[in-house]
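What follows is a short report on a single structure.
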Number of protein chains: 2
Amino acid sequence: MSERASIRDVAVRAGVSPTTVSHVLNNTPGTRTSEKTRARVHAAAAELGYSANAVARALRTRRSDSVGFVGDEIATTPFAGKLILGAQEVVRQHDGVLLVTNTSYDAELETREIRELLSRDIDGVLYAAMYHRVVTVPASLHAAPVVVLNARTNDDRSWVSPDEYAGGEDAAQVLIDAGHRRLAMIGNSDPIPAASGRPAGFLARAAAAGIPAEDVTVVYVSPTAGHAAEAAMRLLDRPDRPTGLFCFNDLMAMGAYNSARRLGLRIPDDLSVVGFDDLAILSAAADPALTTVALPHLEMGAWAAEQLYVEIAARATGQPSPVRHAELRGEVVHRASVGSPPR
Amino acid sequence: MSERASIRDVAVRAGVSPTTVSHVLNNTPGTRTSEKTRARVHAAAAELGYSANAVARALRTRRSDSVGFVGDEIATTPFAGKLILGAQEVVRQHDGVLLVTNTSYDAELETREIRELLSRDIDGVLYAAMYHRVVTVPASLHAAPVVVLNARTNDDRSWVSPDEYAGGEDAAQVLIDAGHRRLAMIGNSDPIPAASGRPAGFLARAAAAGIPAEDVTVVYVSPTAGHAAEAAMRLLDRPDRPTGLFCFNDLMAMGAYNSARRLGLRIPDDLSVVGFDDLAILSAAADPALTTVALPHLEMGAWAAEQLYVEIAARATGQPSPVRHAELRGEVVHRASVGSPPR
DNA sequence: CCGACCTGCCAAACCGATTTACCGGGTCGC
DNA sequence: GCGACCCGGTAAATCGGTTTGGCAGGTCGG
């Protein structure tokens, strides 16, 4: 085989015009073709291994079946991969392809890359953040369908983010279910949605379970293992210490692990720990393996792609884009860091 | 602004033909245009914010300035992100774009996705593995320029992989430099290049430093934290234990950490540990932070993309593809797990 | 028997760029 | 003064599909 077969080759072989081949292969609504001819076209296409040239099609239809994935950071955590994977599954069902781009938080680079994407007639853009925050969609994207992924925005755009509040609730519930009545959380002092949502849910659920407010402590520190370790040290180094500890994320949980170790506290016998994020390589390697609230990256990626296709379809029929928002709940991954409180 | 400006719009505004606009904007060799006209064209293009429609260009030139990134797995480690990022930097310089695809080790899916990419007239493909192994390039890619990334192949294709042997050497050197004379390595029993290369380099460097063979032990286990922990337990639970331990990867190093802890051995005072991979979230969160040999993902991604463009250029001028191979050395990341041997 | 309408199919225009082939006018060499 | 050649530019073909607008020929109703 030498060159890819074109629609003309198929037409010749089936003894029909390219028009008819196009109609048959695309099932173009509003066109009629006899069963006999349809069969001949399909046979010819199969024999030649024909598949339409996506570039030519895109030029005519102004639809490229490709969507851009514009992320701020792609190389530091597996998060990007999960968002991409979740989105890709949906895009794939639409015979589409994902154009991935990384901006490294560089606005100028972002503008250039978006221009590059736009010049390729992409159908829409997934605008993704690697950690849940508030973003503004760049002006250069104003005309394109855009869904904001793993973030929220004040622009009039659809977005999907993790349900931080529910995550906090779930973390509390895990500890409560195990029997803990003295709880603490090491929170994050940064001004981001997760930093307020998680403790809010945590506190609410503890209160709902009848745990008195003075028995649940929340402290806020800068989100590093070191700061978490310090905070844990202060929290744990006293007789009336909490027996159930929720950490803002897995990394900080590792800090808490270290402090517990220094204090001679065994996990989960003396102290139960719940993390957040489910950084699998971290939490599975921890000793003991860390019970944690997973971030729903796959699901968010898929949701965003689905929504994007809805908006693309709406635009194709001239309707206004239906803007929607979703907060997706992550699952609790039970491992080995939660047990009954010491008696 | 409503619609994107086309080359015709620019032509009208500059008072010339589309042909001339094309010549000027692309600096087409072998064409002549007066300075005056060139200036007018450039001005018109700038005023209209013109940038060529990449789809139309691709159709005519059969060159899409896009390259496919076909990976087997994208969501479990940050490796994929680093490979993509490294490649992207180079692709970007060529005004290109990366079409990312994930095959999940599914051959049928892979075939479908490659077909999808090919129908988009991609210029070439980066065929990437997430861990260094031997791959065979799928037959459907036979006609396209392909560079194998983070893997090697017996096909007549270019590839780039980590230099495992050098990594083993470097790990040994770190321990030797710190003064260690009794060394051990916990290796990987899987039949993959890294599993033989790293210990080979490690042993060679130890021998070169004059350490007698009986003072350096290598054991091979299945590459999990648990198996590594068991192996470390056996290795370390004796008076003539090694003082410098090299682990096949960071995860296994965490297993060794756990065993050392159980045995009451402090790191790095009683035992020095060197890992491999530089899984940053893991090694930085470890206590103490892990000294490790990094895998050169960024560099490999960039190398592969560079090489791919060389092959694309060669093909464009009708020359045969220059097949090349590279093994790239990773850097040692010094953190806190290596110290002097106990006296 | 006539016109309306349906069926099955196709020719040609079109999408927006690049590339080929050519053209008028000036210059140069002899 | 004439042919060759260069300069600056353009018209039209082209890439491979989809879409528009129609065209034969048959059927049906009145």
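Bear in mind the structure is a predicted one, so any value in this text is a computation, not a measurement. Throughout, protein chains are lettered first and strands after them, A, B, ... in sequence-line order, and every chain is numbered starting at 1.
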Side-chain N or O of [X] less than 4.0 angstrom from OP1 or OP2 on [N]?
{"X": "B/Tyr50", "N": "C/dA17", "value": "yes"}
{"X": "A/Thr61", "N": "D/dT18", "value": "no"}
{"X": "B/Asn53", "N": "C/dC15", "value": "no"}
{"X": "B/Ser6", "N": "C/dA17", "value": "yes"}

Donor-acceptor pair between A/His132 and A/Arg152 side chains, under 3.5 angstrom: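 Side chains of A/His132 and A/Arg152: pair found under 3.5 Å.
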
Donor on one side chain, acceptor on other, B/Gln93 and B/Glu89, under 3.5 Å: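 B/Glu89 and B/Gln93 do not have a side-chain donor-acceptor pair below 3.5 Å.
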
Remember a base hit wins even if backbone is also touched, and classify [X] as base, sugar-phosphate or nothing at under 4.0 Å, heavy atoms.
{"X": "B/Val55", "value": "nothing"}
{"X": "B/Thr19", "value": "base"}
{"X": "B/Thr37", "value": "sugar-phosphate"}
{"X": "B/Thr20", "value": "base"}
{"X": "B/Ser34", "value": "sugar-phosphate"}
{"X": "B/Arg8", "value": "base"}
{"X": "A/Arg32", "value": "base"}

Can you check the [X] [atom1] to [N] [atom2] distance for me, whole Å?
{"X": "A/Arg57", "N": "D/dT19", "atom1": "CZ", "atom2": "C1'", "result": "13 Å"}
{"X": "B/Arg62", "N": "C/dA17", "atom1": "CZ", "atom2": "C1'", "result": "14 Å"}
{"X": "B/Leu48", "N": "C/dG16", "atom1": "CG", "atom2": "P", "result": "14 Å"}
{"X": "B/Leu25", "N": "C/dA17", "atom1": "CG", "atom2": "P", "result": "10 Å"}
{"X": "B/Leu59", "N": "C/dT19", "atom1": "CG", "atom2": "P", "result": "12 Å"}
{"X": "B/Asn26", "N": "C/dT19", "atom1": "CG", "atom2": "C1'", "result": "11 Å"}
{"X": "A/Arg63", "N": "D/dG17", "atom1": "CZ", "atom2": "C1'", "result": "16 Å"}
{"X": "A/Asn27", "N": "D/dT19", "atom1": "CG", "atom2": "C1'", "result": "16 Å"}

Nearest to side-chain heavy atoms of [X], which nucleotide of [options]:
{"X": "A/Ile7", "options": "C/dG16, D/dC15, D/dG17", "value": "D/dG17"}
{"X": "B/Val16", "options": "C/dA17, C/dA13, D/dT10", "value": "D/dT10"}
{"X": "A/Arg60", "options": "D/dT18, D/dA11, C/dG16", "value": "D/dT18"}

Most 5' of B/His23 and A/Ser51 on DNA chain D, judged by nearest nucleotide: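 Checking each residue's closest nucleotide, the 5'-ward one belongs to B/His23.
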
Of B/Thr31 and B/Ala52, the one whose closest DNA chain C nucleotide lies more 5':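 It is B/Ala52 whose nearest nucleotide is closer to the 5' end.
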
Separation of B/Glu113 CD from A/Arg92 CZ (nearest 0.5 Å):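 Here the interatomic distance stands at 4.0 Å.
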
Reported CG-to-CD1 distance for the pair B/Asn53 and B/Ile7, which is rounded to 0.5 angstrom: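 Nearest 0.5 Å value for the CG-CD1 distance: 10.5 Å.
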
Shortest non-hydrogen separation from A/Asp95 to A/Asp65 and the atoms involved: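 Closest approach of A/Asp95 to A/Asp65, heavy atoms only: O-CB, 3.9 Å.
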
Backbone of A/Ser64 reached by a side-chain donor or acceptor of A/Asp123 within 3.5 Å: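 Indeed, once roles are kept as given, a pair shorter than 3.5 Å links the two residues.
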
